[in-house]
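To keep things clear, I will list the structure first and then write my remarks on it.
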Number of protein chains: 2
Amino acid sequence: MAAHVSSKTSESSDKVSVICRALRRAIIEQALEPGAKLPEDALGERFGVSRTIARHALGQLAAEGLVELRRNRIAVVATPSWQEARDAFDIRIELERLVVRQLAGKLTKAQIAELNAHVDAEDRARGGTDAVSIRLATEFHILLAHMTNSPILVRYVSEVAYRCCLTLSLYSRPHSTECAINEHRAIIAALAKGDAAKVMELMHHHLDSVANRALVAPTPQRGRDLLDILAPYADEVTSNRVIKLPKLARRS
Amino acid sequence: MAAHVSSKTSESSDKVSVICRALRRAIIEQALEPGAKLPEDALGERFGVSRTIARHALGQLAAEGLVELRRNRIAVVATPSWQEARDAFDIRIELERLVVRQLAGKLTKAQIAELNAHVDAEDRARGGTDAVSIRLATEFHILLAHMTNSPILVRYVSEVAYRCCLTLSLYSRPHSTECAINEHRAIIAALAKGDAAKVMELMHHHLDSVANRALVAPTPQRGRDLLDILAPYADEVTSNRVIKLPKLARRS
DNA sequence: AGCGCTTCAATTGCATGCAGTTTGGCTCTC
DNA sequence: GAGAGCCAAACTGCATGCAATTGAAGCGCT
């Protein structure tokens with residue numbers, strides 16, 4: 001379902017694009033968690049292509065910010081910092097305000113029907129896993145972007161939405177999707193009515209609240225990761241056996 | 001000069017990145033015009049690397065929208081439509097408003113000095129070629145983005161600015177940079193003063209006027225290219241010999 | 001001459017191979 | 001038993017080679 005949401009920007013049917021799409025989906029559905037390793041060999045074998053192609057696909061995804069590529073090291077699914085997550089949402093808000101501004105009052109009946117159908121699908125998926133809900137919610141926004149007929153806007157909204165998706169899997173708590181679905185419906189209604197200012201405000205509030213629900217308090221770990229996180233625990237074991245830090249730290 | 005404006009997002013020092021930077025620069029300085037062919041062999045030979053690497057670089061630039069990659073065909077420098085150019089500027093306006101919003105009143109003296117130095121460089125370059133002026137003007141904006149310390153924002157602003165650069169070379173008339181330089185100075189001043197609303201307004205107006213100066217009338221060719229452009233002429237030759245369409249159409 | 005067909009050089013799509021780097025275990029020592 | 005150092009396996013960086021596709025010149029036909 002919702003196959004029409006696939007990015008068509010220079011993504012035809014060559015093997016690289018296929019792998020990109022597969023990995024992208026695996027990432028945003030959290031089948032691949034942030035930090036998961038992505039060895040070129042393994043990808044190549046899994047998708048039945050050579051390492052060259054897998055490598056190229058990783059390059060593309062790195063350009064989108066979904067994977068991190070360190071020289072001579074295994075590529076990993078990106079692990080955005082909290083601040084980066086917040087920045088991504090800020091950018092997303094502006095981009096999507098632009099989307100709805102362009103769309104307000106300009107949607108055909110068919111398009112509105114399509115949007116409603118999508119939200120219905122979201123509704124139906126409420127019983128399923130969080131991963132699917134998050135993906136559908138994201139695809140709603142990408143569907144909106146597509147309706148602007150602006151390839152550039154589609155590209156940026158898609159990318160930043162995927163990124164946000166990724167951060168949700170990192171920083172989100174159990175998640176409640178219901179209100180988000182209602183907000184989607186409200187946005188559709190305002191778009192149909194053609195009230196640009198209103199729908200921009202709705203979109204802003206919608207994304208802002210998603211961000212605030214998801215990105216819980218900065219958890220003063222403005223330093224990097226793990227070492228800071230473990231700092232408080234370290235106190236409790238000073239006299240006991242010390243946790244093998246190098247082993248753990250390597251994971252990141 | 002202005003080497004610090006180089007995008008550092010997963011671009012360290014591997015050969016692919018080097019080639020990307022070189023091509024990017026060649027494109028925005030119009031050494032490579034839109035539509036110019038970029039055969040993998042030629043690039044590889046020119047930069048002393050294998051075709052694999054050249055290919056990978058082209059993939060990256062395609063992801064940035066600077067080159068177009070058609071299956072089994074030679075890659076070419078992107079030729080954005082007029083509408084895409086306008087869309088790019090619209091997106092850019094929003095992104096850069098975000099940049100100056102974050103920056104207003106938060107710049108160190110050193111940063112302000114750096115900005116002023118850059119504008120001075122722009123001033124000095126006024127006698128030179130348009131290409132250099134345009135590049136410097138673009139790099140001013142990228143420099144601003146860097147100061148937000150938000151890698152994502154840097155990436156998007158850079159990309160969209162490069163794209164706009166590209167469109168300037170397509171649709172711009174001879175160009176007068178002087179007012180742009182003054183506007184840059186005004187923006188710095190407002191940033192230093194810390195008036196967020198004012199500087200956002202300035203940036204908006206600045207980019208909007210650049211876009212309007214550059215993107216001259218839509219030249220009613222909202223359809224695709226050539227075939228539509230030639231449509232009106234076709235009427236006049238219905239009874240005469242027909243223009244050799246395939247020959248001309250192939251050029252694009 | 002103008003038009004279509006055939007053929008060949010140019011070019012891409014992709015896999016494989018080799019060299020250099022990193023990783024993680026293993027041993028050897030204290 | 002803990003820690004430093006070494007070594008093999010794993011992995012990446014890159015070049016090269018081969019098959020497939022494309023573009024355009026050459027050729028014959030009307």
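Chain letters run A, B, ... following the sequence lines, proteins first and then strands; every chain starts at 1.
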Could you give the [atom1]-to-[atom2] distance, from [X] to [N], as a whole number of Å?
X	N	atom1	atom2	value
Glu45(A)	dT12(D)	CD	P	13 Å
Ile53(A)	dA19(D)	CD1	P	17 Å
Asp14(B)	dT21(C)	CG	C1'	14 Å
His56(B)	dG13(D)	NE2	P	9 Å
Lys15(B)	dT12(D)	NZ	P	18 Å

Under 30°, 30 to 60°, or over 60°: which ring-plane class applies to Phe140(A) and His118(A), parallel, tilted or perpendicular?
->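 Geometry flag for His118(A) against Phe140(A): tilted rings.
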
Just jot down the salt bridge (charged side-chain N to carboxylate O under 4.0 Å, His left out) partners of Glu68(A), sequence neighbours excluded, or say none.
->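 Per chain and number, Glu68(A) pairs via salt bridge (charged side-chain N to carboxylate O under 4.0 Å, His left out) with no residue.
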
Report all interatomic pairs (protein N or O, nucleotide N or O of nucleotides 7-12 of chain C) with separations under 3.5 Å.
residue, atom, partner, partner atom, Å
dT12(C), OP1, Glu40(B), N, 3.1
dT12(C), OP2, Glu40(B), N, 3.3
dT12(C), O3', Asn72(B), N, 3.4

Please name all residues satisfying side chain to side chain contact (heavy atoms under 4.5 Å, CB included) with [X], sequence neighbours left out, ordered by chain then number.
X	value
Glu84(B)	Pro151(A), Ile152(A), Pro80(B), Ser81(B)
Gln102(A)	Leu98(A), Thr148(A), Leu153(A), Asp87(B), Asp90(B)
Ala54(B)	Leu43(B)

By ring pair (Phe, Tyr, Trp, His ring centres under 6.0 Å) - contacts of His56(B) (at least two apart) =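 Partners of His56(B) under the ring pair (Phe, Tyr, Trp, His ring centres under 6.0 Å) test: His56(A).
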
So what does Val49(A) touch, heavy atoms closer than 4.0 Å: a base, only the sugar-phosphate, or nothing?
->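 Sugar-phosphate, no base atom in range.
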
